[in-house]
Amino acid sequence: MLHDNYGINEKGHLTVGGADAVSLAEKYGTPLYILDTDEIRAKCREYKNAMREYLPEGSMPFFASKALSFVGIYRLINEEGLGSDIVSSGEMYTAMKAGFPMEKTCFHGNNKTDEDIENGLSAGVGYFVVDNTEELQALGEAACRRGVVQDILLRITPGIDPHTFAAVNTGRVDSKFGSPIATGAAESIVARALSTEGVRLCGYHCHIGSQIFEADPFLRAVGIMVDFAADIRNKYGFSPAILNLGGGFGVRYYDGQDEPDITGMIKLTGERLGEKCAERDIPAPVVFMEPGRSIVGAAGVTVYTVGSVKEIPGFRSYVSIDGGMPDDPRYALYASRYTALIANKADEPCTEEYTVAGRCCESGDLIGEGMRMQKAERGDKLAVLVTGAYNYSMASNYNRIPRPPIVTVSDGKDALAVKRESYEDLIRNEF
Ligand code: LLP
């Protein structure tokens with residue numbers, strides 16, 4: 001069933017990490033985010049082990065917490081020994097509340113404010129991933145005022161199009177992120193960083209995109225980044241200790257889509273790095289990776305209750321659910337395709353094709369179109385699979401709809417990790 005952590009029990013109900021999704025929906029109400037933490041831990045271990053085996057000593061994964069950020073996830077990630085990528089003072093605050101070791105964080109963002117810079121310096125983040133020269137200067141000055149030297153990586157744009165959709169394609173030359181090699185901006189920010197007081201340049205970062213299924217774009221990134229590093233070394237004498245290759249490994253959302261071989265891709269990346277560094281005669285840097293979606297995606301399932309089932313003869317049938325774009329904006333934003341099923345009829349044949357509509361006052365509020373599933377009736381529990389990444393973290397209160405809770409499942413046992421927002425929560429900052 002798409003991923004090994006999903007199943008069907010003797011009642012014909014969908015199970016997630018061994019727990020009955022229908023019983024959880026009855027216990028906690030809907031919409032409900034279910035998160036299988038055993039699956040998350042397994043993915044963390046796969047990254048850690050593969051990176052330890054195939055990449056230079058000291059190489060490690062940093063969980064990209066933009067994919068899923070709440071206090072409990074930073075605790076789990078820390079228990080598994082991963083670092084974390086944080087992208088705002090809000091993510092930083094959440095990680096600190098979880099007691100996350102801030103020296104194991106990379107602080108991202110194309111527009112860190114002065115406040116972000118101060119927050120990052122006080123928190124003691126491991127590496128600022130500096131995006132641009134204005135940030136470099138502001139960070140250097142702020143560090144000097146504090147009498148500290150901050151470790152940094154520079155965000156470089158290698159100019160790779162990994163053939164994903166434009167909204168998540170961040171490694172091309174025309175990007176709001178980083179300094180492109182092709183225009184000379186990358187070289188000039190390196191030169192500037194080497195002479196900026198208050199910062200210590202430790203290496204480079206690139207992120208080429210998201211939902212990538214083959215090793216090839218990563219191998220090209222390694223080639224381009226090592227060439228860049230060698231050219232810089234020849235000119236300025238600086239060799240990077242760290243190469244951060246960002247995130248982007250894909251996740252299977254529907255049948256027919258591949259499931260990337262994480263270990264295999266890391267092995268190939270290590271081989272290319274070794275060959276390329278030997279060819280250009282530079283020491284192989286430690287590699288950081290920043291997987292987000294591939295760590296938490298398959299761990300998540302969202303369960304809704306079906307309201308109306310409306311057939312428009314000659315057109316289509318709509319199933320309306322008690323959530324929608326506020327808890328999962330990805331179809332509305334990117335037309336991202338999902339798999340859905342009726343969780344309380346998971347063993348029945350998928351005879352119908354539905355457009356799954358949310359409850360917002362907006363026609364674009366859809367979870368998917370042409371979704372094949374079992375026949376739906378009011379009161380059924382409709383589950384959308386692979387919602388662990390970029391759902392809760394992108395959720396909103398549009399139409400004043402409270403955000404759903406997150407229930408974690410481990411070893412078949414459930415626990416509330418984030419409670420459902422109340423109506424009172426919706427107005428808590430309002431006078
Ligand atoms: N590192 C950096 C610097 C990134 O910008 C990202 C994602 C990642 C790591 C993690 O990438 P992942 O392994 O999750 O693919 N909201 C979109 C995805 C945006 C990704 C942005 N950056 C979605 O829902 O598909």
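Just follow the structure's listing: the first ligand is 1, and inside any ligand the first atom is 1.
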Is the backbone of V251 close enough, under 3.5 Å, to the side chain of Q211 for a donor and an acceptor to pair up by distance? yes
[X], any N or O under 3.5 Å of ligand 1 N or O:
X    : value
M394 : no
R330 : yes
R293 : yes
R155 : no
G246 : no

Can you tell which part of D85 has a heavy atom less than 4.0 Å from ligand 1: side chain, backbone, both or neither? side chain
Is [X] near ligand 1, meaning one of its heavy atoms is under 4.0 Å from it?
X    : value
A67  : no
S294 : no
Y334 : yes

Mind telling me whether [Y] and [X] have parallel, tilted or perpendicular rings, with 30° and 60° as the class edges?
X    : Y    : value
H205 : H207 : parallel
Y47  : F249 : tilted
Y338 : Y253 : perpendicular

Among E290, H108, M289, K66, which one puts a heavy atom closest to atom 5 (O) of ligand 1? K66
Those atoms of ligand 1 less than 4.0 Å from some heavy atom in [X]:
X    : answer
G292 : 12 (P), 13 (O), 14 (O)
P291 : 13 (O)
H205 : 3 (C)
A64  : 8 (C), 9 (C), 10 (C)

Cationic tip of K112 within the cone over F128's six-membered ring, i.e. under 6.0 Å and within 45° of the normal? no
Please walk me through it: do Y74 and S69 pass side chain to side chain donor-acceptor pair (under 3.5 Å)? CA-CA 8 Å; Y74 293 99; S69 181; 2.8 Å; yes
Between Y127 and Q150: side-chain donor-acceptor atoms closer than 3.5 Å: no
Can you tell me if NZ on K104 sees more than 12 non-hydrogen neighbours from other groups inside 6.0 Å? yes
Does Y236, at its OH atom, have more than 12 non-hydrogen atoms belonging to other residues, nucleotides or ligands within less than 6.0 Å? yes
